[in-house]
4 protein chains.
Amino acid sequence: MARPKSEDKRIALLQAATVAIAQAGISASTASIARSAGVAEGTLFRYFATKDDLLNALYIWLKHDLGSIILQQVDFEAASPKQQLNSVWDNYIDWEITHPLANACMRHLAVSGKITQETEQQVANMFPELDRLCESRIRPIFREPPLRAFGDGLFLALAETTIDFAIREPQRAPVFKETGFETMWRALTNADNPA
Amino acid sequence: MARPKSEDKRIALLQAATVAIAQAGISASTASIARSAGVAEGTLFRYFATKDDLLNALYIWLKHDLGSIILQQVDFEAASPKQQLNSVWDNYIDWEITHPLANACMRHLAVSGKITQETEQQVANMFPELDRLCESRIRPIFREPPLRAFGDGLFLALAETTIDFAIREPQRAPVFKETGFETMWRALTNADNPA
Amino acid sequence: MARPKSEDKRIALLQAATVAIAQAGISASTASIARSAGVAEGTLFRYFATKDDLLNALYIWLKHDLGSIILQQVDFEAASPKQQLNSVWDNYIDWEITHPLANACMRHLAVSGKITQETEQQVANMFPELDRLCESRIRPIFREPPLRAFGDGLFLALAETTIDFAIREPQRAPVFKETGFETMWRALTNADNPA
Amino acid sequence: MARPKSEDKRIALLQAATVAIAQAGISASTASIARSAGVAEGTLFRYFATKDDLLNALYIWLKHDLGSIILQQVDFEAASPKQQLNSVWDNYIDWEITHPLANACMRHLAVSGKITQETEQQVANMFPELDRLCESRIRPIFREPPLRAFGDGLFLALAETTIDFAIREPQRAPVFKETGFETMWRALTNADNPA
DNA sequence: AATGAATGAGGCTTCATTCAT
DNA sequence: AATGAATGAAGCCTCATTCAT
């Protein structure tokens, strides 16, 4: 098979890279990543041909992890659409709070200029059902092509800001979560049809 | 006093750094910055003792430029508070659209981990009148200490997302600007007192 | 275990450093050392993490070389204590005469301020039997703690001066060696018990 | 006159260089020396065309200072030759103890490889009366050309070692001074004619 | 005469990647 | 498949010296 020998080592490398990049930015050296993954310097390059390849694989891996956790915990039985969206919101933020290194790492990757268009595309198509769920709760103007991406962007911006504050002051996380959600709700949904 | 240290060269270095960092991130080399500023590499270090010093000075310089332009163009005669805030919003976004490199550079600096607390402080205290103007238009819950910083963060997040989209698709900038502002207004102000 | 780190290269680096530092002082560049050792500059830093590390390792290496040669050639069968000490003296000076670069290098290292306490300690404990042999021949006042180190210092000072002259005028080395030894004998031993 | 304007500045530069080199070795930068002398970077080069020139001038200046102090305090009325030499010995060592920076600086200069033959010559001829005084007290073998320089070297070596210990443990200086002198006396003078 | 801004070569060190083992 | 030694380009910064002011 094309995949190299040990999936364990691949995961170990991705995890080590997450920690290293969270702490040192993308300038974290491949040597340090390999070392904390418990493999030799050269081995890293058998799993990822290039440092940039590692960065892109890592981005996808983290996004996938995040998305699948959110999805698997959404409360589809929730009474109202608002409650359903609130469940997504909370899961999203909870995951980031419990994975602050992953969060920091993704931020670094996102602004690194190393993530290719192709990678971004792959991530965008990763969980169509999640996108659909969010969009259906959103005010009409943000639902159609011309402003759809913009709506997504605003949603993410609010969520990420909420996460920043929640990570920085964990004991106040519930307040930030709730206030953030209500703010997003006012911002992006049809206020006339609140629930 | 011999040749005085040239303000022109300082500016040239800051401008060169802005471009280089916008394109290459903070890993832009001091050599490349000096070269495109038209001075020797050693000269750079007479103006900024350290690359980190340059980064901090650059951050302050860009923020100051941005803030002073916004402030000087705010329409204090505007009929309503909403219109006043809209004027700030538009000026902010217009500046960023017309200075996409400065914008990109500031993003890189902000996440670089090289900006010191002291620099952040200096920037925070730079335009108190601007802060006051924005805050007075904001809903009460975001005006008092426990959530003030959070409110600022959400405001900035929405503005920056709007800027991102406006820079990426300049011809649609007016739509993003307006939609973004209305979204922010719903999100952060007291809807009961809409104008 | 891949290629093992080559002891040959380590030695080549230490030898190259000896020559370079003998000639240029500790300001000899790592580039020049690596070049004359026949390796890439980066390689030097796989063997010695830091230039200072190289300097300390070199100091230990040279002292060890010197000490072990002296020790292995001491004439323990010599009739009198004076003759035994004379054998040490001669071996010491002969080594330095035949290794003038090593000698010059050690002088530079000794005054460089880069040799750590730990390194000095390690060197001091390197050949206890040699110390013991010298001390037992020395006059009582220099044998006990308060002045022991001082006695060692004076011994070394006389030896090093003798070496300086012997290296500078090799053909007169025997005279310097003998005169130096007799001078040291008068200076540091119990004249009442001359042989 | 050929001498530049201010003798004060020349002295200030020499003093500043003494301190800087004592602490940092000859790699002390000309900029730092100029700064602590209270003059501009460029000014240093109006007094000393080159860093090497400064180093040589400094060596001569320090040696002259040392020699003239010793000479002016020698007790020519002392009863015995031994007492006269003891007076030189004590003055020498006292000067170094009270000028530890000058001492450290001279050591650095002496091994720097930057002191020219010409400078060494000039220093050697600086105080012929002092040389004569010391030599006349010395055992015959060290008085005639073949071994005269060697005798001087041994004398200096013992003195400098004594100084090292006296500077390192100032409260025990008197013991080192006396023991050192007696050792030198045994080593270099005619024991048969002790006083 | 004095200043200090400007220079650019050179120093130490890091790092992604290759390749012998 | 895995290792880690080897590489050399590139990065940041220092410094003696020059020269415009």
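Predicted model, so just to flag it, every value in this text is computed and none were measured. Numbered from 1 within each chain, the chains take letters A, B, ... in sequence-line order.
- As a whole-Å value, the separation of R35(A) CZ from dA2(F) C1' is 18 Å.
- Counting non-hydrogen atoms under 4.0 angstrom, A28(D) reaches the backbone sugars and phosphates but no base.
- Across all strands shown, dA6(E) is found opposite dT17(F) as a Watson-Crick or G-U wobble partner, with both distances under 3.5 Å.
- Between K114(C) and D53(C) there is no salt bridge, since none of the side-chain N atoms of the basic residue sits less than 4.0 Å from a carboxylate O of the acidic one.
- Between dC13(F), dA5(F), dC12(E), one nucleotide has an atom nearer to the side chain of K51(B) than all others, and that is dC13(F).
- Remark: P of dT14(F) and CZ of F48(B) are 16 Å apart, rounded to the nearest angstrom.
- Here the side chain of T30(D) is nearest to one of dC12(F), dT14(E), dA16(F), namely dA16(F).
- Out of dC12(F), dT7(F), dA16(F), the shortest distance to the side chain of T43(C) is found at dT7(F).
- Here dC19(E) presents its P atom at 13 Å from CZ of R46(A), a figure rounded to the nearest Å.
- The partner of dA1(F) is absent, by the rule that a Watson-Crick or G-U pair needs both atom distances under 3.5 Å.
- Mapped onto DNA chain F by nearest heavy atom, V39(A) and K9(C) fall at different nucleotides, with V39(A) at the one closer to the 5' end.
- For the pair S27(B) and S29(D), nearest-nucleotide mapping onto DNA chain F gives the more 5' position to S27(B).
- Nearest nucleotide to the side chain of Y47(C), out of dA6(F), dA2(F), dC13(F): dA6(F).
- Between the side chain of K63(A) and the main chain of E120(A), no donor-acceptor pair closer than 3.5 Å is present.
- The shortest heavy-atom contact between A16(B) and S36(B) is CB-OG, 3.4 Å.
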Test side-chain hydrogen bond (donor to acceptor under 3.5 Å, both in side chains) on E41(B) and T30(B); report intermediate values, then the result. CA-CA 7 Å; E41(B) 192 171 4; T30(B) 52; 2.8 Å; yes

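- The side-chain tip of K9(B) does not point at the ring of Y47(B) from less than 6.0 angstrom away and within 45° of straight on.
- With dT13(E), dA5(E), dA2(F) as the choices, the nucleotide that has an atom nearest any side-chain atom of E41(C) turns out to be dT13(E).
- Atom CG in L44(B) sits about 10 Å away from atom C1' in dC13(F), given to the nearest Å.
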